[in-house]
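Below is one structure, written out as structure tokens, with a few remarks after it.
This structure is a prediction, so every number in the text was calculated from the model and none was measured. Values below: all heavy atoms of this structure, side chains included; hydrogens, waters and symmetry mates excluded.
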Amino acid sequence: MSAQRSVSNVAETYHWRPAIGNNHGFLSYRDESCTNDQRKMSSVTVLYDISSNVFADPEIRAFYEQVYEDAQYECRHVFDADLTWSEEEERKLVRKLDWRVCTWACVMFFSLQVDRGNLTQAVSGTFLKDLHLNTNDYNLGNTVFLVSFLLAELPSQLVSKKIGPDRWIPTQMVLWSIVAISQAALKGRQGFLITRALLGILEGGFIPDLVLWLSYFYTSRELPTRLSFFWTALSVTGIVTSLLAFGIFHLHNHLGLAGWRWLFLIEGLITLVLGFVSFFRMPASAVQTKTWFRPKGWFTDRELAIVVNRVLRDDPRKGDMHNRQAITPARLWAAMKDYDLWPIYLLGLTCFIPQSPPAVYLTQTLRNLGFSTFNTNLLTIPSSVFHIITLLSITWISEKLNSRALVAMFQSIWTLPCIIALYAWPGLLKQQWASYILLTVLLSYPYCHAINVGWASKNSNNVGSRSVSTALYNMCVQLGGIIAANIYRDDDKPRYKRGNRVLIGINCMAIALFVFAKLYYVVKNKIRDRKWNAMTPEERLDYTLNTTDQASRRLDFRFAH
């Protein structure tokens, strides 16, 4: 069968009826005039020739060509609906993308995590004592940071979409590194709160900005796995900064500076260098890798064509905005009121709370158990190593099973018995090594953040909505962080019985929300299937080409779950 034949002619000539509407607004058909075996073979052929290339039909192709031209999409001159390539070519190209794009994304995330996370190492020294701070002051500083981070998420994403993440992300890195270095000169509570606020403002939006940049190079199925590498950098950072802290704290009182001051100074300088390098390591898009300092670019002409066309065939809507196009107020409002993404936002709000207070207070807890400052920083490493293993494993399983909600829910199933033990076990803080093992098991949980971010990105269904939805999702995560930062209170220490009761309740709520999200999207898809299957092929094609529905509101779009 010719892949160029129109939908209506195909249906008439081969007596096919619609099977399903796929996520790209195109139709797949199966032959009703054949035997079961013949039909199976026919279905396979058609799905390869048509559904795997959403541009195979001339009318669909012409529609998207006009969309890309109207949007002035930067890669439109490389678009080729007839381009073919082998699986081996694609595998080699993805490996190149992983080296060029994903690896540096992980390096930049390392920079973020160093400067927003080294406060945990600082408090293992004399930080709180030197600045005359107590537990509630420490909580307030974390809350100020998270509120600032949250409020900056959406504005940062709008700036990034206007000027490009390749310009905005390195700028953020340089600015927050300067603030991070200035923490070495802190004198008291006021300066502590000011630097926390500035770091939150400058770092807010970094994660959705980087996710947007990665989405220019990877398909929706590939993105969660790459995001798992991305968040693996979080655990790697924990290991590296713990080792750095172990060494840096040996500079305590050198030149009259406390160990935590050296910590902020040295690690801030490291991230400052990475920020400047990032200006030269982030191309604006696949077609913009050639520049004066990189005259040959990253790709051959054929590689470039494959990079662009495989992403567009996975999600044609990635070309409906160019990479220097601002999000209009109308697009912003439409994305914000898209209630079909709210189940994922609710998960971002709740599912990371239960493990957060024990993680934030880990170094203080280890000190209370009698471990020294140096040993405390080394003892945080095992949970980071196990965290990497479980993170990569749960994301790999999610991709292989093409399942999100039920696989991601395993995070909450893992943490629940550990939180119950923190609340009910009488040996907590009395049995040194047993308490340490319990905390290590808890903090080795399989982190589902990569799955959730990829899930929100997939269910957004266009660039504008994706920019906003990833920011809104991350804002919910930060809001959950604000809640978590205030669960352990000074009057509840050292066992935090009241706080752990709250964490148990939130953990159970998160499990229920994962189940709800799964059921919500399954039911939503079935409703759309019924409406879609009630339409004639001509009505479907007319809807695909002429509907005013946008993003996930499209009737021919199916939600991932």
Side-chain angles (χ1 to χ4, degrees), residues 1-34 38-71 73 75-90 93-94 218-222 286 301-320 458 461-463 528-529 532-533 535-547 549 554-558:
M1 183 204 71
S2 171
Q4 304 300 317
R5 197 184 303 272
S6 71
V7 171
S8 58
N9 287 339
V10 165
E12 289 175 6
T13 304
Y14 290 88
H15 309 290
W16 291 345
R17 69 175 179 82
I20 58 170
N22 66 23
N23 284 351
H24 307 306
F26 199 66
L27 309 178
S28 57
Y29 290 82
R30 57 191 181 91
D31 191 344
E32 291 297 320
S33 64
C34 303
Q38 289 172 330
R39 184 180 303 148
K40 183 177 180 182
M41 293 177 63
S42 175
S43 176
V44 171
T45 302
V46 174
L47 287 173
Y48 178 81
D49 285 345
I50 295 182
S51 294
S52 62
N53 181 0
V54 300
F55 307 111
D57 184 88
E59 294 178 82
I60 299 291
R61 177 190 308 188
F63 169 75
Y64 279 109
E65 283 177 342
Q66 190 60 50
V67 168
Y68 301 156
E69 189 61 36
D70 291 343
Y73 172 50
C75 301
R76 64 192 184 280
H77 63 283
V78 187
F79 172 60
D80 183 355
D82 299 319
L83 183 70
T84 59
W85 58 87
S86 68
E87 291 184 5
E88 180 60 27
E89 282 183 294
E90 187 164 9
L93 188 55
V94 170
Y218 291 105
T219 66
S220 59
R221 286 292 297 272
E222 294 166 346
D301 289 343
R302 177 163 176 78
E303 287 175 335
L304 179 59
I306 296 173
V307 169
V308 171
N309 285 280
R310 74 189 199 95
V311 168
L312 289 177
R313 290 182 195 180
D314 174 70
D315 184 355
R317 293 285 167 179
K318 283 188 177 180
D320 66 2
K458 171 69 174 175
N461 199 36
N462 75 17
V463 175
R528 290 189 177 183
D529 281 341
W532 187 256
N533 291 335
M535 299 166 63
T536 66
E538 290 76 13
E539 288 173 332
R540 296 182 187 188
L541 184 59
D542 179 69
Y543 176 89
T544 300
L545 300 180
N546 301 311
T547 182
D549 294 338
R554 292 178 62 92
L555 184 61
D556 52 12
F557 177 73
R558 298 296 177 268

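- One finds the CG atom of Asp82 at 11.5 Å from the CZ atom of Phe55 (value rounded to the nearest 0.5 Å).
- Between the side chain of Arg76 and the backbone N or O of Gln66, no donor-acceptor pair lies under 3.5 Å.
- No donor-acceptor distance shorter than 3.5 angstrom exists from the side chain of Arg61 to the backbone of Ala81, with no hydrogens or angles considered.
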*Determine, stepwise, if the pair Arg558 / Asp529 fulfils salt bridge (charged side-chain N to carboxylate O under 4.0 Å, His left out).*
CA-CA 9 Å; Arg558 298 296 177 268; Asp529 281 341; 2.7 Å; yes
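- Taking the six-membered ring for Trp, Tyr73 and Phe79 have ring centres at least 6.0 Å apart.
- For Asn309 (side chain) and Val78 (main-chain N/O), a donor-acceptor pair under 3.5 Å exists by modelled atom type.
- Atoms OG1 and CZ, on Thr219 and Arg310 in that order, are 5.5 Å from each other to the nearest 0.5 Å.
- Annotation: Glu88, atom CD; neighbour count of heavy atoms from other residues, nucleotides and ligands within 6.0 Å is above 12.
- At distances below 3.5 Å, not a single donor-acceptor pair connects side-chain atoms of Tyr64 with backbone N or O atoms of Pro316.
- Looking only at distances, a side-chain donor or acceptor of Arg540 sits under 3.5 Å from a matching main-chain atom of Trp532.
- Here Ser86 contributes atom OG and Leu93 contributes atom CG; the two are 10.5 Å apart, rounded to the nearest 0.5 Å.
- Heavy-atom neighbours of Asp301 CG from other residues, nucleotides or ligands within 6.0 Å: at or below the threshold of 12.
- Salt bridge status for Arg302 with Glu89: present, with a side-chain N to carboxylate O gap under 4.0 Å.
- One distance of note links CG of Leu304 with NE2 of His77; it measures 6.5 Å at 0.5 Å rounding.
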*Under the side chain to side chain contact (heavy atoms under 4.5 Å, CB included) rule, what do Val94 and Glu90 come out as? Steps first, then yes or no, please.*
CA-CA 6 Å; Val94 170; Glu90 187 164 9; 4.2 Å; yes
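- Nearest heavy atom pair, residue Cys75 against residue Val308, reads CB-CG1, 3.7 Å.
- Between Val307 and Tyr218, every side-chain heavy-atom pair lies at or beyond the 4.5 Å cut-off.
- For Ala71 against Gly319, the heavy-atom pair with the smallest separation is CB-O, 3.9 Å.
- Of all non-hydrogen atoms in Asp80 and Arg313, the two that sit nearest each other are O-NH2, 3.0 Å.
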